[in-house]
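Take a look at the structure set out below.
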Amino acid sequence: MRPDYLKQGEIARLFPVLATTSKEGRTTSIVLSCLSRVDEFGDALLSSVGLKLGKRSIVECYTEIVFSSEKTVPNDRPDGLIIVRNGSREWRALVEAKVSNATLSAEQIEKYRVIAKEQNCDAIITISNEFASLPQNHPLPEVRKGRSKIPVFHWSWMFVLTNVDLLIATKQVADRDQALLLNELRRFLTHDSAGIKGFERMPACWGDLNKLISAGGKVPAKSDDATQVLDAWHQETKDLSLILTRMTETFVRERLARKHVSDPALRIKDELLTLRDMSRLQSILDIPDAAAPVEVTADIARRTIDVGMTLKAPEDKVSSKARLNWALRQLPKDCPDGLSIRCNWPGRSEPTQFACADLISDPGLIEDGKENLQVLSFHIFLSKRLGSRFTQQSNFIKDLEEVVPQFYRDIGQNLVAWRKSAPKIKPDRDDSDDVTVASLSNEAEGDA
């Protein structure tokens with residue numbers, strides 16, 4: 001039954017009766033319907049915006065809503081409403097969705113914030129083919145900077161699809177009928193008619209930024225082009241984490257400093273310094289149970305993509321050569337072109353770098369000029385030189401989404417981190433009688 005505060009609104013339907021041209025309304029209705037009917041799916045999405053569902057929680061979703069007390073402007077009608085009831089408590093979120101190439105409008109979202117405040121709604125959730133590093137870090141800077149206290153969360157359609165795929169792949173949906181329903185949702189979302197796609201291209205200014213850096217120019221401290229590129233990079237690395245999530249069937253997350261989680265503008269500011277000083281875009285991806293995080297670098301000056309992982313050298317081996325052999329045994333015999341190892345040394349000693357093939361042929365190379373030192377860690381990385389493709393908006397993304405999974409599949413997933421062995425019982429203290437007070441006293445007398 002529709003709540004009293006809604007003058008208009010349809011329960012989100014699995015099979016919405018809409019015009020064939022209403023791709024957006026159809027997709028939104030089907031997803032919201034599944035969100036309210038498949039418990040695990042609703043919990044996965046709503047927990048991402050800080051809402052934990054309990055056994056007694058009731059989720060209702062409506063589309064094409066109009067509130068009873070508002071003066072409706074047709075162009076300012078939210079696409080949906082999510083209601084979560086926990087006993088007498090009620091949480092509400094307006095939903096605004098875009099599909100295909102349609103993009104969100106900051107002006108429209110701010111109008112919804114006004115409606116949300118007037119109608120005592122708790123949040124706004126936007127869904128589109130744009131990406132956000134975290135749901136609370138909206139892809140539109142104007143929305144992030146808005147003064148309204150109504151929070152605006154964002155789900156990319158690929159984030160929604162990835163949650164669906166992961167729940168199915170890991171068999172987390174207990175009810176058989178709900179599992180079947182969720183698989184049908186996956187089938188629908190992956191069809192071209194749903195209008196869902198990943199991040200596909202860098203902004204038009206990507207080529208200009210490349211030309212500037214290639215010519216030896218300096219990125220200005222306040223550069224709109226650089227800010228656009230960083231925003232696009234953040235969308236792409238989020239999409240990349242979702243791609244790896246689907247490939248590994250476990251949630252891959254981008255590692256962010258705590259200060260950047262709460263302040264996306266500070267993240268842009270800090271990464272702009274890296275871009276200016278080093279001409280690089282960087283990201284770190286955490287894959288559960290992997291030997292180390294996956295470090296991704298797009299080096300604009302060199303026009304290369306570097307993907308690697310850093311392993312701590314085994315402390316139970318004395319020589320650097322022995323430590324290196326431990327790492328080399330984890331690599332394929334036929335190393336791919338561009339695979340290298342950067343060796344990190346103690347103190348102020350400079351790192352050294354070698355092609356993996358050279359070290360496999362002669363592991364002793366590692367000790368040249370470092371004879372009295374012990375290597376501390378190995379950064380094993382694949383470097384792919386793209387040339388002119390690096391500067392192209394679409395080809396850069398295509399190559400990045402090929403190289404990163406390739407490194408993890410061929411190298412990263414086979415690496416094992418070194419761990420100190422468990423302490424062993426000493427041969428001369430093999431029995432509990434060997435460590436009694438009397439035994440220790442006799443040992444002390446003997447050592448005197």
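Treat the numbers as computed from the prediction; the structure is a model and nothing was measured.
Donor-acceptor pairing under 3.5 Å is recorded for the side chains of Q119 and S69. The closest side-chain donor-acceptor pair between R385 and T304, if any, does not fall under 3.5 angstrom. Side-chain polar atoms of Q172 and T170 form a donor-acceptor pair below 3.5 angstrom. One side chain, T162 or R246, offers a donor N or O that lies under 3.5 Å from an acceptor on the other. Using modelled atom types, one finds no donor on one side chain facing an acceptor on the other under 3.5 Å when comparing T28 with D79.
Taking each heavy atom of E96 and P78 in turn, the nearest pair found is OE1-CA, 4.3 Å. Taking all atoms of both residues into account, the shortest heavy-atom contact from E64 to Q8 is O-NE2, 3.5 Å.
A distance-only check finds no donor-acceptor pair linking the side chain of R323 to the backbone of A313 [under 3.5 Å]. No side-chain donor-acceptor contact under 3.5 Å links R85 to the backbone of E60. Using a distance-only test at 3.5 Å, with no hydrogens or angles considered, a donor-acceptor pair links the side chain of R276 to the main chain of V219. Without hydrogens or angle criteria, N210 side chain to W206 main chain gives a donor-acceptor distance under 3.5 Å. The backbone N or O of E130 sits less than 3.5 Å from a side-chain atom of H154, completing a donor-acceptor pair. Side-chain N or O atoms of S48 include one that pairs as donor or acceptor with a backbone N or O of L45 at under 3.5 Å. The backbone N or O of S33 lies less than 3.5 Å from a partner atom in the side chain of S36, making a donor-acceptor pair.
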query = Which is it for R255 and D286 under the salt bridge (charged side-chain N to carboxylate O under 4.0 Å, His left out) test, yes or no, and what are the steps along the way?
reply = CA-CA 6 Å; R255 178 177 292 189; D286 279 321; 2.8 Å; yes
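Using cut-offs of 30° and 60° on the angle between ring planes, the pair F251 and F159 is tilted. Classification of the F131-F199 ring pair by plane angle, with boundaries at 30° and 60°, yields perpendicular.
Under a 4.0 Å N-O distance rule, the pair E142/K145 does not qualify as a salt bridge.
Annotation: K312, atom NZ; neighbour count of heavy atoms from other residues, nucleotides and ligands within 6.0 Å does not exceed 12.
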